[in-house]
Amino acid sequence: MIKAAVIGASGYTGLELLRILALHDKVEVCYASSRQFAGAPVSSVFPSLMGYLDGLFFDELKGEAEGGVLGSLEGPLGEADCIFCALPHGASMAVVPGLIEAGRKVVDLSADFRLRDAGTYRAWYAPHRAPELLGSAVYGLPELYRRAVEGARLIANPGCYPTSAVLALAPAVKEEVVDPSTIVIDSKSGVSGAGRSASLATSFCEVNEAFGAYKVAVHRHTPEIEAVLSDVAGAAVRVSFTPHLLPLSRGILTTVTASLTGTHTTVALLELYRDFYDGEPFVRVRPEGVFPNISWVRGSNFCDIGLRADGRTGRVVIVSAIDNLVKGASGAAVQNMNILFGFDETEGLRTAPLQI
């Protein structure tokens, strides 16, 4: 049994972390922070958790965060063996160094430690305040980096879009069955991907019965996708990535197209994918002719994948579906924690999807 803390626990990813951890047989949640709801019972902010975490109250994170130093870990936070950091991009880098210095295992759900190059981070986000940790952070996609996760101090939890795109493409890129210069990624996400804070762009009247692309050719997840696929391929990969906002709460459907390097059939490609993901508990390769649906993975840690080789155009179409809040964020974070502490990788994550 270990103790876990969630910093920045009042957002959607925080809620999902608390929901999953509340039913984890090997974890006790000892601390949850929220500046907005400090002092309030967790079950009053999230009524769905009534009866699960009734003795847990939101606390305000103590200590000085300026200059990348958190300060001493006091009280319940100091008891935590594993700390999940669910703060916004740019805020984690001020907190995480102090947690690492205190000897804690950290799973960071922001983008602050996903890119290994400080210059790339600066170009897409802002100057990095803890560049010394970029080289030691492990990218937390177990299907590709499980061995590295096992011995990590700091895990950079993948972004939701990159998870859906990378899992869809990794086998094809690794086995060189697609031309990496021809990859086009088209992704659609539910509104929860924008976070819980109120904004005009994600208000009901703006989103309901609407559908459109955003941040075309400039989305911050682009360098993350390219970096991981380049690592898998062993050569530079550049992609065209376009995200869209769906008028639904959660889920990501990603459609990838790329030119094939030979006359690969659908049957052969599906066999390649099944071999690549053999033994992976959370990747389900669908049968020939069956393509994933967001409703088939809702509320679960699964990534479903389907594909078809298009002999007419010489391209392949690959479709993946994940729940952006689970496999795309908090579920993956718990999966990484399980690996870190030697638990069964599926512990706390065996929930069947909510199709209806």
Side-chain angles (χ1 to χ4, degrees), residues 1-6 13-29 52 80-86 104-109 113-114 136-160 162-171 174 228 231-232 250 252 273-286 292 296-305 320-354:
M1 177 71 72
I2 67 168
K3 292 187 176 182
V6 181
T13 56
L15 168 60
E16 286 297 288
L17 276 168
L18 293 172
R19 180 182 69 86
I20 294 168
L21 294 173
L23 295 176
H24 197 296
D25 290 339
K26 303 294 177 59
V27 176
E28 174 191 346
V29 181
Y52 292 93
D81 302 291
C82 181
I83 300 177
F84 296 95
C85 197
R104 300 303 189 272
K105 298 281 191 178
V106 178
V107 181
D108 181 50
L109 283 81
F113 298 96
R114 295 175 191 159
S136 60
V138 172
Y139 191 75
L141 192 60
E143 291 78 9
L144 299 181
Y145 301 109
R146 183 173 286 103
R147 285 292 182 86
V149 169
E150 290 175 356
R153 296 183 308 157
L154 170 59
I155 294 177
N157 215 59
C160 50
T163 295
S164 68
V166 169
L167 290 177
L169 277 161
K174 178 71 173 179
V228 179
D231 186 48
V232 172
R250 57 201 298 163
I252 289 179
Y273 269 65
R274 291 192 189 99
D275 288 344
F276 190 91
Y277 288 121
D278 183 42
E280 291 297 340
F282 295 116
V283 177
R284 305 187 298 189
V285 179
R286 291 290 174 172
W296 299 351
V297 297
R298 185 184 296 122
S300 80
N301 201 49
F302 287 116
C303 173
D304 282 9
I305 298 174
S320 70
I322 65 169
D323 185 316
N324 59 294
L325 294 177
V326 189
K327 186 57 175 170
S330 303
V334 173
Q335 186 179 357
N336 283 314
M337 179 204 69
N338 285 339
I339 296 170
L340 266 180
F341 288 89
F343 303 145
D344 184 313
E345 195 167 324
T346 66
E347 188 69 50
L349 296 168
R350 301 189 186 100
T351 305
L354 301 170

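Residues: numbered from 1 along the sequence shown.
Note that the CG atom of Leu23 and the CG atom of Leu18 stand 11.5 Å from one another [nearest 0.5 Å]. Distance check: Leu167 CG to Leu141 CG gives 5.0 Å after rounding to the nearest 0.5 Å. To the nearest 0.5 angstrom, Ile339 atom CD1 is 7.5 Å from Ile155 atom CD1.
Side-chain contact between Gln335 and Lys327 is present, with at least one heavy-atom pair separated by less than 4.5 Å. When side chains are defined from C-beta on, Arg114 counts as touching Tyr139, because their heavy atoms get closer than 4.5 Å. Counting heavy atoms from C-beta outward, Ile322 and Cys303 have side chains that approach closer than 4.5 Å. Using a 4.5 Å cut-off on side-chain heavy atoms (C-beta onward), Val228 and Tyr145 make contact. The side-chain heavy atoms of Cys82 and Ile2, taken from C-beta on, include a pair separated by under 4.5 Å.
The closest donor-acceptor contact from the side chain of Asn336 to the backbone of Gly140 lies under 3.5 Å. The backbone N or O of Asp323 lies less than 3.5 Å from no partner atom in the side chain of Arg250, so there is not a single donor-acceptor pair. At distances below 3.5 Å, not a single donor-acceptor pair connects side-chain atoms of Thr13 with backbone N or O atoms of Ser330. Remark: side-chain polar atoms of Ser164 are not paired, donor with acceptor, to backbone N or O of Ser320 under 3.5 angstrom. Between the side chain of Asn324 and the main chain of Cys160, no donor-acceptor pair closer than 3.5 Å is present.
For Arg284, the salt bridge (charged side-chain N to carboxylate O under 4.0 Å, His left out) partners are Asp304, not counting sequence neighbours. Looking at residues two or more places apart in sequence or on another chain, you find a salt bridge (charged side-chain N to carboxylate O under 4.0 Å, His left out) between Arg19 and Glu16. Partners of Phe113 by ring pair (Phe, Tyr, Trp, His ring centres under 6.0 Å), not counting sequence neighbours, listed by chain and number: His128. Evaluation of the side-chain contact (heavy atoms from CB on, under 4.5 Å) rule for Ala80 yields Ala5, Cys30, Ile83 as partners, not counting sequence neighbours. Scanning for side-chain contact (heavy atoms from CB on, under 4.5 Å) contacts around Ala333 gives Leu17, Phe84, Val107, Leu109, Asn157, with sequence neighbours left out. In terms of the salt bridge (charged side-chain N to carboxylate O under 4.0 Å, His left out) criterion, Glu28 has no residue partners (sequence neighbours excluded). Listed by chain and residue number, Glu143, Arg146, Tyr277, Val283 satisfy the side-chain contact (heavy atoms from CB on, under 4.5 Å) test with Glu280 (two or more places apart in sequence, or in another chain). Taking the side-chain hydrogen bond (donor to acceptor under 3.5 Å, both in side chains) definition, one finds that Asp108 meets it with Ser92, Ser110, sequence neighbours left out. The side-chain contact (heavy atoms from CB on, under 4.5 Å) search around Val138 returns Ala148, Val149, Ala152, not counting sequence neighbours. Remark: Arg350 pairs with Thr346 by the side-chain hydrogen bond (donor to acceptor under 3.5 Å, both in side chains) rule, at least two apart or across chains. The salt bridge (charged side-chain N to carboxylate O under 4.0 Å, His left out) check on Lys3 picks up Glu79, with sequence neighbours excluded.
Looking at every heavy atom in both residues, Asp25 comes nearest to Met1 through O-CE, 3.4 Å. Of all heavy-atom pairs spanning Leu144 and Ala170, the tightest one is CD2-CB, 4.0 Å. Contact record, Pro158 with Thr163: CB-OG1, 3.5 Å, taken as the closest heavy-atom pair.
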| task | Apply side chain to side chain contact (heavy atoms under 4.5 Å, CB included) to the pair Asn338 and Leu349, showing each step before the final yes or no. | result | CA-CA 10 Å; Asn338 285 339; Leu349 296 168; 4.2 Å; yes
| request: Would you please test Val334 and Val27 for side chain to side chain contact (heavy atoms under 4.5 Å, CB included) and show each step? | output: CA-CA 10 Å; Val334 173; Val27 176; over 6 Å; no
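Residue pairs meeting the ring-ring contact (aromatic ring centres under 6.0 Å, His included) criterion with at least one partner in residues 322-350, sequence neighbours excluded, are His24-Phe343.
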